[in-house]
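Scroll down for the structure; my scribbles are underneath it.
FYI, side chains are in, hydrogens and waters are out, and symmetry mates aren't considered; it's all heavy atoms of this structure. None of these values were measured; they are calculated from a predicted model.
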Amino acid sequence: MATKQELLDQRYMRMARIWAENSYCKRRQVGALLVKNQMIISDGYNGTPSGFENNCEDDNNTSLPYVLHAEANAITKVARSNNSSAGATLYVTASPCIECAKLIIQSGIVRVVYGEEYRIRDGIELLQRAGIEVVYQPVE
């Protein structure tokens, strides 16, 4: 029988997967939710910065260099609010890259739940090295 936390993790991951559908990226859609005290304090999905056209890939289907990851969007969005990400949990549909891992560490997030393994694990390894709880929760 699943614990209350496991059930919440499953639900928030399903919500992050739905949020990923907002992405205009064709190669991969990623969603993220920042949760603190069982409240969603921020959300994000991968895409271009505000004011840019909603094209994530070039003609060769390569991601454009200015595309933001879902985690970065959620973290920068909470930074513009009155909320704090210190002590929060980040739910993200794909494992964080090393650049996002650095943002996660610096923003005070204490727990990361992710739904898909990526072939490069340096982001996950950096989070673990920083003492952040990392949980693999496959998206159902």
Side-chain angles (χ1 to χ4, degrees):
M1 183 172 192
T3 67
K4 183 177 181 180
Q5 186 60 61
E6 290 169 336
L7 290 172
L8 286 171
D9 287 350
Q10 292 168 8
R11 290 175 185 145
Y12 284 126
M13 284 303 298
R14 284 196 306 269
M15 292 171 70
R17 183 70 239 149
I18 290 168
W19 202 245
E21 294 172 11
N22 288 315
S23 173
Y24 287 91
C25 297
K26 296 174 186 158
R27 290 179 55 219
R28 180 178 216 165
Q29 293 180 313
V30 180
L33 296 176
L34 258 176
V35 177
K36 187 173 178 179
N37 300 324
Q38 295 186 359
M39 292 184 295
I40 297 170
I41 61 169
S42 189
D43 54 56
Y45 50 88
N46 58 324
T48 57
S50 298
F52 281 64
E53 70 285 346
N54 288 321
N55 296 324
C56 297
E57 296 88 6
D58 63 18
D59 293 336
N60 297 321
N61 203 31
T62 301
S63 289
L64 296 169
Y66 51 85
V67 170
L68 291 162
H69 290 185
E71 306 94 313
N73 267 327
I75 291 168
T76 56
K77 189 174 180 179
V78 78
R80 291 175 41 179
S81 74
N82 292 327
N83 286 315
S84 168
S85 55
T89 296
L90 176 70
Y91 293 89
V92 61
T93 58
S95 60
C97 70
I98 195 152
E99 293 301 319
C100 287
K102 291 188 277 186
L103 291 174
I104 291 164
I105 293 164
Q106 290 300 98
S107 66
I109 293 167
V110 297
R111 187 167 180 263
V112 174
V113 181
Y114 70 99
E116 294 175 18
E117 294 277 357
Y118 189 64
R119 60 183 168 79
I120 302 170
R121 294 192 42 87
D122 54 0
I124 295 295
E125 291 165 3
L126 185 63
L127 292 172
Q128 291 169 332
R129 181 175 170 198
I132 293 173
E133 181 184 354
V134 179
V135 178
Y136 174 60
Q137 174 66 58
V139 180
E140 298 170 356

* Please answer: with hydrophobic residues joined when any side-chain heavy atoms are less than 4.5 Å apart, are Ile120 and Ile98 in the same cluster? => no
* Asked: Quick one: does Tyr118's side chain get under 4.5 Å of Cys97's, heavy atoms only?
  -> no
* **Asn73 (side chain) donor-acceptor with Tyr45 (main chain) under 3.5 angstrom** => yes
* Could you state the interatomic distance from NE2 (His69) to OG (Ser63), rounded to the nearest 0.5 Å? -> 7.0 Å
* Between the main-chain N or O of Ser84 and the side-chain N or O of Lys36, is there a donor-acceptor pair closer than 3.5 Å? -> yes
* Asked: How long is the span from the CZ atom in Arg28 to the CD atom in Glu116, to the nearest 0.5 Å?
  -> 5.0 Å
* Asked: Just wondering, do Leu8 and Gln38 contact through their side chains at under 4.5 Å, heavy atoms?
  -> yes
* To do: Could you tell me whether the side chain of Ile124 reaches within less than 4.5 Å of the side chain of Pro96, counting heavy atoms only?
  => yes
* Would you say the side-chain atoms of Thr93 pair up with the backbone N or O of Gly31, donor to acceptor, closer than 3.5 Å? -> yes
* Ile75 and Ile104: side chain to side chain contact (heavy atoms under 4.5 Å, CB included), yes or no, with the steps? -> CA-CA 8 Å; Ile75 291 168; Ile104 291 164; 3.9 Å; yes
* Out of curiosity, Asn37 CG to Asn83 CG, how far, rounded to the nearest 0.5 Å? -> 10.0 Å
* Report whether Leu68 and Leu103 are members of the same hydrophobic cluster (ILVMFWY, side-chain heavy atoms less than 4.5 Å apart, transitive linking). => no
* Gly44 to Trp19 - nearest heavy-atom pair and separation -> O-CD1, 3.3 Å
* Structure fact -> Interatomic distance, CD1@Ile132 vs CD1@Ile105, rounded to 0.5 Å, equals 5.0 Å
* Minimum side-chain heavy-atom gap Asp9-Arg111 below 4.5 Å -> yes
* Asked: Is the backbone N or O of Asn46 less than 3.5 Å from a side-chain atom of Ser23, with the two atoms forming a donor-acceptor pair by type?
  -> yes
* Asked: Who are the side-chain contact (heavy atoms from CB on, under 4.5 Å) partners of Tyr136, not counting sequence neighbours?
  -> Tyr114, Glu117, Pro138
* Asked: Any side-chain heavy atom of Lys102 sitting closer than 4.5 Å to one from Leu126?
  -> yes
* Asked: Is it the case that one hydrophobic cluster holds both Val35 and Val110, taking links as side-chain heavy atoms less than 4.5 Å apart, direct or via other members?
  -> no
* Asked: Do Val30 and Val67 belong to the same hydrophobic cluster, where Ile, Leu, Val, Met, Phe, Trp and Tyr are linked whenever their side-chain heavy atoms lie under 4.5 Å apart, directly or via other members?
  -> no
* Has Gln106 got more than 12 heavy atoms of other residues, nucleotides or ligands less than 6.0 Å from its CD? -> no
* Atom of Cys100, atom of Ala72 and distance for their closest heavy-atom approach -> SG-N, 4.3 Å
* To do: Would you check if the side chain of Ser85 reaches a backbone N or O of Ala88 as a donor-acceptor pair within less than 3.5 Å?
  => no
* Structure fact -> Only residue of Val113, Ile40, Thr89 satisfying side-chain contact (heavy atoms from CB on, under 4.5 Å) with Tyr12 is Ile40
* To do: Would you check if the side chain of Glu57 reaches a backbone N or O of Arg27 as a donor-acceptor pair within less than 3.5 Å?
  => yes
* Do you reckon Val112 sits in the same ILVMFWY cluster as Ile41, going by side-chain contacts under 4.5 Å, direct or chained? -> yes
* Mind checking the OH-CD spacing from Tyr91 to Gln137? Nearest 0.5 Å is all I need. => 9.0 Å
* Structure fact -> Here the gap from Glu53 atom CD to Leu64 atom CG, rounded to the nearest 0.5 Å, amounts to 7.0 Å
* Donor-acceptor under 3.5 Å (Asp58 side chain, Asn60 main chain) -> yes
